[in-house]
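A quick write-up on the structure given underneath.
Because the structure is predicted, anything quoted here is derived from the model rather than measured. For ligands, and for the atoms within them, numbers begin at 1 and follow the listed sequence. What's counted below: heavy atoms across the whole structure, side chains too, no hydrogens, waters or symmetry copies.
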Amino acid sequence: MHRLLPSSVFLASQTAGWVHRAMASYPLIVGPPASLRKPLKVPDRLLLGPGPSNIAPRIMAAGNLPMIGHMHDEMYQIMDEIKDGIRYAFQTHNQLTMVISGSGHAAMEAALFNVVEPGESVLVGVNGLWGQRIAEIAERMGAKVHQMVKAPGEYYTLKDVEKGLTQHKPVLLFLTHGESTSGIMQPLDGYGDLCHKHNCLLLVDSVASLGGAPIYMDKQGIDILYSGSQKALNSPPGTAPISFSERARNKFLNRKTKPVSFYFDLKNLANFWGCDNSPRMYHHTTPVIGLMGLRESLAILAEEGLEESWRKHREVTNYLYERLQKLGLQLFVKEIPFLTMNAVPSG
Ligand code: PMP
């Protein structure tokens with residue numbers, strides 16, 4: 001501290017005596033918690049739920065790297081490498097590609113808050129929890145939400161979507177690629193073109209599916225795609241890749257109101273993530289170590305190759321199907337190569 005401030009500041013403050021007087025002193029009413037005096041214990045557990053997943057040794061090692069500043073050049077370099085990795089994983093050339101500091105829900109909010117304005121119409125495919133959540137977030141921010149409700153395990157056809165687009169004239173359609181609460185996979189070919197014909201953006205959730213099943217952001221005309229770090233990417237939870245198409249960017253640029261969230265404001269985030277060709281300015285302190293882990297998981301994906309990652313997930317899922325059926329369990333949906341739902345046996 002002494003080395004950081006000019007000595008005149010110290011001299012002045014000491015002579016004035018304000019340091020002493022400004023600090024109040026009371027007896028503590030909360031003591032150091034006994035729970036924190038015990039050593040931290042974490043079991044080594046095989047994780048088989050839909051995230052978080054076990055972490056590869058190389059990603060664990062990233063968690064032990066030295067701390068650096070979120071605005072150091074070396075960190076900007078890591079962030080640029082992460083953007084390259086997301087573009088590969090998403091199969092997109094979008095300039096507006098970055099990571100939201102937070103879990104998948106943070107990316108859900110960032111997507112909606114930036115491209116939807118209060119009073120605008122949003123069409124949501126609700127065939128499980130994730131559509132419900134998006135509908136709830138959109139409603140809270142003042143959008144007019146139209147839900148296309150389907151039974152868990154069903155997906156949306158182009159005909160379903162066309163009907164909704166014609167009826168509600170939304171600015172945004174939401175679909176979940178891998179519905180982790182029902183085990184269904186949403187086909188995506190043709191949905192982007194259809195949305196664009198109706199002047200609507202396509203928002204897709206790939207939190208559970210990225211790396212586990214094919215998705216092609218640019219080819220499939222997806223305007224906003226987000227994911228999470230803790231599923232097929234095998235990173236710790238807390239960082240969420242997201243990308244915005246040129247169409248989504250234009251929708252953002254033509255907003256009449258500011259986004260309801262400062263933390264998720266795309267203008268600030270795009271600048272901090274080096275997506276706007278301007279000098280990067282402080283916005284918030286990113287989860288530096290979490291980003292290093294994400295960088296490593298994207299590097300592993302790039303080295304293995306997307307096709308190989310998809311093939312591997314399909315292969316182990318087929319093996320699991322086979323073994324579950326031998327145990328007499330029925331599959332609820334037999335389709336999704338990264339998540340297996342079996343029907344609960346009676347009794
Ligand atoms: N979407 C899907 C498809 C998910 O499976 C999840 C997590 N289970 C989320 C969104 C939300 O992600 P998070 O828990 O990381 O906020």
Point to revise | Heavy atom of Gly178, distance to ligand 1 below 4.0 Å | key: yes

Exercise for review: Determine whether the side chains of His196 and Asp223 contain a donor N or O and an acceptor N or O closer than 3.5 Å.
Suggested key: yes

Check your understanding: Numbering the atoms of ligand 1 from 1, which are under 4.0 Å from a heavy atom of Ser103?
Key -> 13 (P), 15 (O), 16 (O)

Review point. Just wondering, more than 12 heavy atoms not from Arg58 lying within 6.0 Å of its CZ?
Key: yes

Review point. If you count the atoms of ligand 1 from 1 in the order shown, which ones are under 4.0 Å from a heavy atom of Ser180?
Key: 2 (C), 3 (C), 4 (C), 5 (O)

Practice item. May I ask whether Arg133 places a heavy atom under 4.0 Å from ligand 1? Key: no

**Study point:** Heavy-atom gap Lys231 to ligand 1 smaller than 4.0 Å
**Key:** yes

Check your understanding: Any chance the rings of Tyr216 and Trp310 have centres within less than 6.0 Å?
Key -> yes

Check your understanding: Which protein heavy atom lies closest to atom 12 (O) of ligand 1, and at what distance to 0.1 Å?
Key -> Gly104 CA, 3.5 Å

Exercise for review: Run the salt-bridge test on Glu246 and Arg249 with the 4.0 Å N-O cut-off and return the result as yes or no.
Suggested key: yes

**Study point:** Short side-chain donor-acceptor distance under 3.5 Å, Asn127 and Tyr155
**Key:** no

**Study point:** Closest contact, heavy atoms only, Pro259 versus Asn114
**Key:** CG-OD1, 3.7 Å

Review point. So which of Thr239, Asp205, Leu129, Thr181 gets nearest to atom 3 (C) of ligand 1, if we judge by its closest heavy atom?
Key: Asp205

